[in-house]
Amino acid sequence: MKIRNWSIGTWLLSGFTIILSFVIVLGITAYSQTDRLSEQTQTMYNHPLVVRRALARLEFNVSEVRLEFRNLILAETIVDEQRAIENIERDLLDIEAQFVIIRDKYLGPEEDVNDAFLAYNLWINVREDNMDLLEQGEIAQVLESINLQGEESIKINDFITKVGVLDDFAQSKADELYSNSIKLHDTMTVQL
């Protein structure tokens, strides 16, 4: 049977089959590209964004601990002292909770998180020593330690530097994922 001898119905059926094939191929392509774009978005949300939120919360809690410690030094009543101690303990618990999130979601080298956590523990040790000194009435030594050149200030600055490494990596990873999603979008546009 020659193509010239086809009936109108056969021509219509052939044309419809060809169009349907193109639509199916287009649908499969769009579905796979959309799936890849969705994976990129989930990765961006579940990793760099969550890590950066946890780091911001961690830095806020560190500032709060430092402020509450100063409030503790300046407290005039036992109620003010207790409130400052409770706030410090609450913030320290939240810092550790943020480290759990960071450990779970951070896409960079594990040693970065370990370095930051070690710096955190070194700062906490100095802070606890300062709490002991404060209980003993050694306010001058405590003030020297929290001074800009003091031991606690040095430890906290080291800790903040280590947290900055985590933040920088999360930011660059987010930028990389965003760049990849733009490329993926461009590829999808060309294919479609």
Side-chain angles (χ1 to χ4, degrees), residues 39-178:
E39 287 175 18
Q40 288 274 21
T41 304
Q42 285 178 338
T43 301
M44 189 179 303
Y45 179 80
N46 288 330
H47 297 285
L49 181 62
V50 171
V51 168
R52 293 203 71 213
R53 283 181 180 169
L55 290 170
R57 181 82 184 176
L58 187 141
E59 289 174 346
F60 173 77
N61 286 327
V62 167
S63 297
E64 287 292 306
V65 167
R66 294 177 83 183
L67 177 66
E68 289 298 333
F69 189 70
R70 285 186 169 87
N71 288 343
L72 181 62
I73 293 171
L74 299 172
E76 295 180 2
T77 66
I78 293 178
V79 172
D80 291 341
E81 286 178 7
Q82 288 295 21
R83 186 178 309 127
I85 290 170
E86 287 171 5
N87 289 339
I88 288 170
E89 289 174 0
R90 180 199 65 220
D91 290 327
L92 291 176
L93 286 174
D94 196 40
I95 288 172
E96 293 189 17
Q98 300 312 312
F99 264 114
V100 169
I101 293 169
I102 293 166
R103 265 190 208 289
D104 184 46
K105 299 295 184 179
Y106 186 67
L107 294 175
E110 188 176 336
E111 66 187 43
D112 290 350
V113 179
N114 292 339
D115 289 346
F117 193 69
L118 177 63
Y120 166 73
N121 283 322
L122 293 173
W123 167 57
I124 290 301
N125 291 338
V126 172
R127 193 197 61 77
E128 287 173 357
D129 291 344
N130 285 339
M131 289 288 282
D132 292 341
L133 288 171
L134 191 60
E135 287 177 9
Q136 297 168 9
E138 301 290 334
I139 295 176
Q141 282 183 300
V142 173
L143 291 175
E144 184 179 320
S145 178
I146 64 173
N147 191 357
L148 289 176
Q149 302 302 319
E151 184 179 11
E152 184 171 344
S153 292
I154 291 170
K155 297 296 183 194
I156 194 69
N157 288 335
D158 183 49
F159 172 54
I160 299 237
T161 300
K162 304 284 192 216
V163 167
V165 169
L166 299 174
D167 191 47
D168 291 344
F169 182 87
Q171 176 65 42
S172 68
K173 191 65 174 176
D175 291 343
E176 175 188 328
L177 289 169
Y178 177 72

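Residue numbers start at 1 and run along the sequence shown.
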Smallest separation among heavy atoms of [X] and [Y], with atom names:
X: L107; Y: P48; result: CD1-CD, 4.4 Å
X: E68; Y: A84; result: OE1-CA, 3.4 Å
X: I146; Y: F69; result: CG2-CE2, 3.9 Å
X: V51; Y: A170; result: CG1-CB, 4.0 Å
X: V142; Y: L134; result: CG2-N, 3.8 Å
X: A54; Y: I101; result: CB-CG2, 4.0 Å

**Prompt:** Please walk me through it: do E152 and K155 pass salt bridge (charged side-chain N to carboxylate O under 4.0 Å, His left out)?
**Reply:** CA-CA 5 Å; E152 184 171 344; K155 297 296 183 194; over 6 Å; no
**Asked** Of R53, K162, K173, R52, which meets salt bridge (Lys or Arg N to Asp or Glu O under 4.0 Å) against D167?
**Response**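 With D167 as partner, salt bridge (Lys or Arg N to Asp or Glu O under 4.0 Å) holds for just one option, R52.
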Step through the shown structure and confirm whether more than 12 heavy atoms of other residues, nucleotides or ligands are within 6.0 Å of [atom1] on [X].
X: E144; atom1: CD; value: no
X: Q149; atom1: CD; value: no
X: I78; atom1: CD1; value: no

In the structure I gave you, are the side-chain heavy atoms of [X] and [Y] within less than 4.5 Å of one another anywhere?
X: I85; Y: Q82; answer: yes
X: I124; Y: L92; answer: yes
X: I102; Y: L58; answer: yes
X: D80; Y: N71; answer: no

**Prompt:** According to the interplanar angle, ranging from 0 to 90°, do the rings of F99 and F159 count as parallel (below 30°), tilted (30 to 60°) or perpendicular (above 60°)?
**Reply:**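 Taking F159 first and then F99, their aromatic rings sit tilted (interplane angle of 30° to 60°).
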Look up atom [atom1] in [X] and atom [atom2] in [Y], then write down how far apart they are to the nearest 0.5 Å.
X: H47; Y: F169; atom1: NE2; atom2: CZ; value: 11.0 Å
X: Y120; Y: I95; atom1: OH; atom2: CD1; value: 5.0 Å
X: E151; Y: N125; atom1: CD; atom2: CG; value: 9.5 Å
X: L133; Y: S145; atom1: CG; atom2: OG; value: 8.0 Å
X: L143; Y: E138; atom1: CG; atom2: CD; value: 11.5 Å
X: D158; Y: S153; atom1: CG; atom2: OG; value: 12.5 Å

**Asked** Looking at residues at least two apart in the chain, or sitting in another chain, which of them share a salt bridge (Lys or Arg N to Asp or Glu O under 4.0 Å) with D94?
**Response**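 Applying salt bridge (Lys or Arg N to Asp or Glu O under 4.0 Å) to D94 gives R57.
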**Prompt:** Judged by modelled atom types alone, do R127 and N130 share a side-chain donor-acceptor pair under 3.5 Å?
**Reply:**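 The criterion, which ignores hydrogens and geometry beyond distance, is not satisfied for N130 and R127.
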**Request:** Taking atom types as modelled, find out whether D132 and Q136 have a side-chain donor-acceptor pair closer than 3.5 angstrom.
**Result:**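 Result is no, nothing qualifies.
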**Exam field: side chain T161 to backbone N157, donor-acceptor pair closer than 3.5 Å** =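 Judged by distance alone, yes, a pair lies under 3.5 Å.
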